[in-house]
Every structure is written in structure tokens, then in C-alpha cells.
Amino acid sequence: MSSTLQNTPVRGIAREHALDWYRRNRARTQALFDVLTPDTLYAQPIAQRHPIVFYVGHLPGFSLNTLVKRGLGRPGVDEALERLFARGIDPDEDGHDAAAFTWPDPEAVRAFVQAADDRVIDALASADLDQPGHPLLDRAEAVYAILEHEAMHQETLLYMWHRLPHAAKRAPADYTLRLEPGAVAQGDVRIPAGTAALGARRGDIPFGWDNEFPGPVVEVESFRIQRLNVTNGDFLAFVEAGGYSDPQWWSPQDWAWVQAEQLAHPTFWTRREGQWCWRGMFEDIALPLAWPVYVSQAEASAYARWTGRRLPTEAEYQRAAFGSPDGAPRPHPWGAAPATAAHGVFDFSSWEPAPVGTHPDGQSAWGVHDLAGNGWEWTTTVFDGFAGFTPIPSYPEYSADFFDGSHFVLKGGSQATARELLRPSFRNWFRPRYPYVYATFRTVEVTA
């Protein structure tokens with residue numbers, strides 16, 4: 001490994017910053033794995049995803065494959081393990097047979113992880129990371145790709161951990177919960193007609209994924225949107241009104257799913273001694289009525305129909321979050337100030353959400369709260385590329401494999417979303433009946 005740190009700048013990212021970011025990512029990932037008891041390595045907490053052992057190898061393996069091998073043309077560590085840990089799976093509704101894979105023993109995994117990390121760090125410290133015209137290294141694309149990839153997967157790990165029994169996890173010393181009532185009253189905010197800037201234009205930001213470019217500016221009609229996310233307390237009314245047993249609120253596909261899974265409440269809820277509880281990371285909690293409800297897009301849509309409203313489009317969310325009365329789009333809902341803990345619940349600042357409306361400094365120009373953090377927000381927009389879409393060379397299948405009409409855009413972020421992903425152009429997506437994500441929603445209606 002290189003013995004000297006060269007802090008030569010890479011276009012848009014300094015070498016020192018890239019190394020620090022990579023090491024912070026790896027330390028955070030290790031801290032997340034340290035929460036688990038040792039016997040969980042081969043557990044599969046969500047049927048639609050790989051066992052935990054895959055993610056131990058996948059995160060450094062992706063960095064090794066993308067930057068070191070494909071980007072720089074340097075040798076790898078173990079070709080068989082690099083293939084095994086190369087890519088995850090799309091969480092469809094049919095589950096996933098982990099027995100179809102042969103997973104290595106813990107010592108082999110640890111050795112692979114250490115070797116992969118060593119080669120990635122050496123590359124970040126010494127290689128020519130920005131090579132104009134290179135398909136993977138122009139503007140240091142592969143560097144950004146591996147850094148953001150790990151940050152995104154850390155959120156995957158957390159919502160997987162949420163599905164494990166409490167006995168399989170150990171709460172850290174700083175574990176706390178915010179259970180106070182919400183501080184802001186629910187209600188509608190009227191957003192006047194105007195434009196919404198979707199995605200980004202190339203060159204305007206140091207890095208973006210392929211589905212963010214080239215972002216169009218679109219016209220949006222006037223609409224009313226809820227000031228706050230729908231809470232557990234709000235959604236409880238739908239549950240108690242028999243919402244899960246009435247097909248009129250569900251699309252035919254969603255209703256078939258509800259019946260097949262025998263659903264009667266959100267996945268993050270459970271029932272204990274006749275009382276509703278939140279299935280917390282480390283304990284069951286009496287249902288926090290002021291927390292945002294976490295549900296699938298199918299459940300969010302059913303609730304919206306029950307209220308006579310609908311979910312927002314991506315463009316409506318974008319205008320409510322980043323638009324302003326003066327017409328200039330904002331880099332954050334609150335403005336140009338860097339994201340801090342005063343603006344929302346994100347960047348792994350909490351193991352659970354917080355009551356809605358408790359971060360007024362983060363509200364948008366229109367007075368809409370919690371648009372960054374505390375839960376991704378479902379939209380009605382089917383995930384697709386913008387006109388002129390081009391696959392990203394460092395990860396060409398990242399977006400294009402999901403342009404199938406079966407995934408919907410989410411915006412915003414959750415408590416487990418890294419602050420680097422809070423840019424306006426970032427787009428998340430999932431299938432509509434995938435209930436494990438930290439995803440909430442708010443409803444809208446068009447106004448005259």
C-alpha cells in the first residue's frame with residue numbers, strides 16, 4: 001500500500017476526501033454489523049434479499065470490481081468471490097432461494113473483505129482517479145459510484161436488521177427514542193402553479209446517477225399537499241375502519257397481494273396483548289402515534305383513496321420540496337445552508353423515526369415539513385429515465401434494469417440516508433408491494 005497520502009485534487013473530489021469518505025463508510029458498515037450477534041451471519045431476515053453474509057462481501061467487493069478492476073485495470077483478489085459478491089437482487093414479491101448459493105465460511109469472507117479494502121484504499125491513495133475521456137474514470141465517476149453505493153446499502157442493512165428478532169441485536173449505548181407528541185398541526189399547504197426542476201444537468205453537480213440526467217424542467221398545476229407526513233395515528237383510523245378488508249380502496253393487484261399475505265396492518269406494526277406496537281429495532285414500543293407511518297406504496301395508495309385524495313407525483317413533490325415563491329429552485333427544502341441535525345432526521349442520526357414536525361428549521365419555502373429525512377416518500381411516478389437517458393458506465397445496470405413499469409419513485413430520505421444523498425436530483429425506487437423500506441407518504445389534491 002502507498003505509504004504517502006497524496007492530496008492531489010480529483011475534479012470534484014480531493015483524494016484525501018475520497019479516502020476519508022471510504023473509511024467512514026467502512027467504519028459505519030462495521031458498526032452496523034457489530035450490532036448483530038455472531039450467529040446471524042447466514043440469516044436471511046427478508047425473503048426477497050440475500051442472507052446477511054452477502055452484504056459483508058458485497059460492499060468492498062463492489063468497490064474492488066468497479067474501481068480497481070474495471071476502472072483501473074488492476075488485479076483482483078479472488079475471482080470466484082468477486083463474482084459471488086458482485087451484485088444483489090431486485091426484491092420481487094416471490095422471495096429468494098438463498099440455498100441456491102454456496103456461501104463461504106466466515107474466515108474466507110473476512111480475508112476477502114480485508115484484501116479488497118486494502119486494494120481499494122491503495123487505489124484511492126495512489127492511482128490516477130480522474131482520467132478525462134475514460135468511460136469509468138472521467139470526473140472520477142467510479143470513485144463517487146463506490147462511495148455512494150456503500151452509503152445506500154447501509155440503509156438496506158438497517159431495514160433488514162429491523163426484521164431480525166430483538167435477541168439477535170444489541171442496542172448501542174447511545175440508543176434513544178423520541179416519543180413526544182408532534183409539535184405541528186396537520187393540514188394542507190397550497191402550492192401555486194409553477195415549474196419543478198427534476199433531476200440535474202450534467203456538470204451542475206460533481207456526481208449523479210444516470211437516472212438523474214438530463215433533468216427536465218416541467219410545469220406543475222396548483223395543488224394542495226399535507227404539511228406533514230401521514231402518521232401512525234392517522235393510519236390507525238384506516239386500519240380500524242377495516243381498510244385492509246375492503247377491496248374498494250385497493251387496485252386489483254394490490255388487493256390480491258393483501259389477501260395472499262393476509263395483511264391487516266403495516267409491516268412495522270405488531271400486536272401485543274391487545275395493543276398496537278411499533279416493531280422497533282431493539283424493542284417493541286407502544287405505537288408512537290406521532291411517528292410517520294412506514295408502508296408500501298400499495299398501502300399508501302389505498303389510504304389516499306380512502307381519504308378521497310392521492311399520492312403526489314414526483315414533480316409535485318419536487319415543487320413542494322425545492323420550489324420557492326421567487327421561482328428559484330433550492331438545494332435543500334430549507335435553502336442553501338448545509339444539512340444539519342436541526343433540519344431533519346437523516347445521516348444515521350437515529351435508529352427510529354422522530355415525531356413529525358419536530359424539525360421546523362427544515363421546512364420548505366412553502367411551509368411543508370420533513371421533506372428530507374424521517375422516511376422516504378412514495379410518489380405515483382413510475383421509475384424511468386428522463387429523455388436522453390444514458391446508462392452510467394461504472395454501473396450500467398444500476399437504473400436501466402428497473403425501467404420495467406413495476407417500480408415507483410421515492411424522494412426525500414430516511415433516518416438512515418447519508419447526507420450526501422440529500423441532493424434534489426437523487427431518486428430512489430422500489431416495487432409498490434415491498435413493505436420493508438423506511439418509506440412514508442403524504443397526500444395531495446389538485447386545486448383550481
Side-chain angles (χ1 to χ4, degrees), residues 93 159 162-163 166 177-188 224-281 283-312 352-358 369-370 374-380 408 410 414-415 430 432-445:
E93 296 161 26
Y159 77 69
H162 242 111
R163 310 314 305 165
H166 294 139
L177 296 172
R178 293 191 63 178
L179 297 171
E180 71 267 26
V184 179
Q186 182 62 284
D188 274 356
R224 302 182 70 85
I225 188 168
Q226 288 184 288
R227 177 177 291 108
L228 307 171
N229 290 125
V230 171
T231 64
N232 289 318
D234 297 331
F235 204 85
L236 181 60
F238 174 68
V239 173
E240 292 183 336
Y244 281 83
S245 59
D246 191 337
Q248 70 173 308
W249 311 125
W250 306 81
S251 73
Q253 298 92 337
D254 294 344
W255 179 242
W257 171 68
V258 168
Q259 292 183 301
E261 298 295 325
Q262 298 183 322
L263 298 179
H265 56 80
T267 298
F268 280 84
W269 296 12
T270 189
R271 195 81 167 162
R272 293 286 183 271
E273 298 178 354
Q275 300 296 317
W276 287 113
C277 294
W278 175 270
R279 180 173 175 163
M281 181 67 77
E283 59 183 315
D284 286 342
I285 307 157
L287 188 65
L289 300 182
W291 286 7
V293 67
Y294 286 169
V295 290
S296 65
Q297 204 253 16
E299 293 162 295
S301 297
Y303 174 92
R305 292 189 195 98
W306 180 70
T307 64
R309 294 160 69 99
R310 61 169 173 81
L311 303 184
E352 308 284 1
V356 299
T358 50
H369 288 248
D370 301 324
N374 221 35
W376 290 97
E377 301 200 23
W378 286 109
T379 74
T380 61
F408 288 83
L410 299 96
S414 80
Q415 68 272 18
F430 277 99
R433 291 172 285 277
Y434 188 65
Y436 306 110
V437 187
Y438 300 142
T440 184
F441 67 101
R442 63 187 86 215
T443 65
V444 303
E445 62 181 11

Please enumerate all residues that pass salt bridge (Lys or Arg N to Asp or Glu O under 4.0 Å) together with Glu180, with sequence neighbours excluded. Arg178
CG on Leu287 to OG1 on Thr231, rounded to 0.5 Å: 9.0 Å
How far does CG of Asp370 sit from OG1 of Thr358, to the nearest 0.5 angstrom? 6.5 Å
If the condition is ring pair (Phe, Tyr, Trp, His ring centres under 6.0 Å), which residues does Tyr294 pass it with, not counting sequence neighbours? Phe268, Trp278, Tyr438
Under a 4.5 Å cut-off applied to non-hydrogen side-chain atoms, are Gln226 and Asp188 in contact? yes
Look up atom OG1 in Thr380 and atom CZ in Phe408, then write down how far apart they are to the nearest 0.5 Å. 8.0 Å
Enumerate the salt bridge (charged side-chain N to carboxylate O under 4.0 Å, His left out) contacts for residues 290-299, please, sequence neighbours excluded, ordered by first and then second residue. none
Take Val293 and Asp234 through the side chain to side chain contact (heavy atoms under 4.5 Å, CB included) test and state the conclusion after the steps. CA-CA 8 Å; Val293 67; Asp234 297 331; over 6 Å; no
Is a side-chain donor-acceptor pair under 3.5 Å present for Gln186 with His369? no
Are the side chains of Val239 and Pro266 in contact, using a 4.5 Å heavy-atom criterion? yes
How far apart are the closest heavy atoms of Arg310 and Ala304, and which atoms are they? CA-CB, 3.7 Å
Quick one: closest heavy-atom pair of Gly357 and Ala183, and the distance? O-CB, 4.0 Å
Euclidean distance, Thr443 OG1 relative to Arg305 CZ, rounded to 0.5 Å: 13.0 Å
Can you tell me how far apart NE2 (His162) and OG1 (Thr267) are? Round to the nearest 0.5 Å. 11.5 Å
Would you please name every residue forming a salt bridge (Lys or Arg N to Asp or Glu O under 4.0 Å) with Asp246, sequence neighbours left out? none
Determine whether Arg271 and His265 make a side-chain contact, defined as any pair of heavy atoms from C-beta on separated by less than 4.5 Å. no
Tell me the closest heavy-atom pair linking Pro432 and Ser296, and the distance in Å. O-CB, 3.3 Å
All ring pair (Phe, Tyr, Trp, His ring centres under 6.0 Å) counterparts of Phe235, not counting sequence neighbours: Phe238, Tyr303
Residue pairs fulfilling salt bridge (charged side-chain N to carboxylate O under 4.0 Å, His left out) with at least one residue in residues 250-259, sequence neighbours excluded: Asp254-Arg433
Going by heavy atoms in the side chains, are Thr440 and Asn374 under 4.5 Å from each other? no
Tell me the closest heavy-atom pair linking Trp291 and Ala354, and the distance in Å. CD1-C, 3.7 Å
Atom pair OG (Ser245) and CD (Gln259), whose distance is rounded to the nearest 0.5 Å: 10.5 Å
Ile225 vs Val444, test: side chain to side chain contact (heavy atoms under 4.5 Å, CB included). Steps then yes/no. CA-CA 4 Å; Ile225 188 168; Val444 303; 3.5 Å; yes
Partner set under ring pair (Phe, Tyr, Trp, His ring centres under 6.0 Å) for Trp269, not counting sequence neighbours: Trp276
If you look only at pairs with a residue in residues 283-295, which of them pass as a salt bridge (charged side-chain N to carboxylate O under 4.0 Å, His left out), with sequence neighbours excluded? Arg272-Asp284
Of all residues at least two apart in sequence or in a different chain, which pass the salt bridge (Lys or Arg N to Asp or Glu O under 4.0 Å) check with Arg163? none
Restricting to side-chain hydrogen bond (donor to acceptor under 3.5 Å, both in side chains), what partner residues turn up for Glu377, sequence neighbours left out? Asn229, Arg442
Under the ring pair (Phe, Tyr, Trp, His ring centres under 6.0 Å) rule, collect the residues that match up with Tyr436, sequence neighbours excluded. Tyr434
Within a reach of under 6.0 Å around CD of Gln248, are more than 12 heavy atoms found that belong to other residues, nucleotides or ligands? yes
Short side-chain donor-acceptor distance under 3.5 Å, Trp257 and Gln253: no
Can we call the ring centroids of Tyr244 and Trp250 under 6.0 Å apart? yes
Across all chains, not counting sequence neighbours, the side-chain hydrogen bond (donor to acceptor under 3.5 Å, both in side chains) partners of Trp249 are none
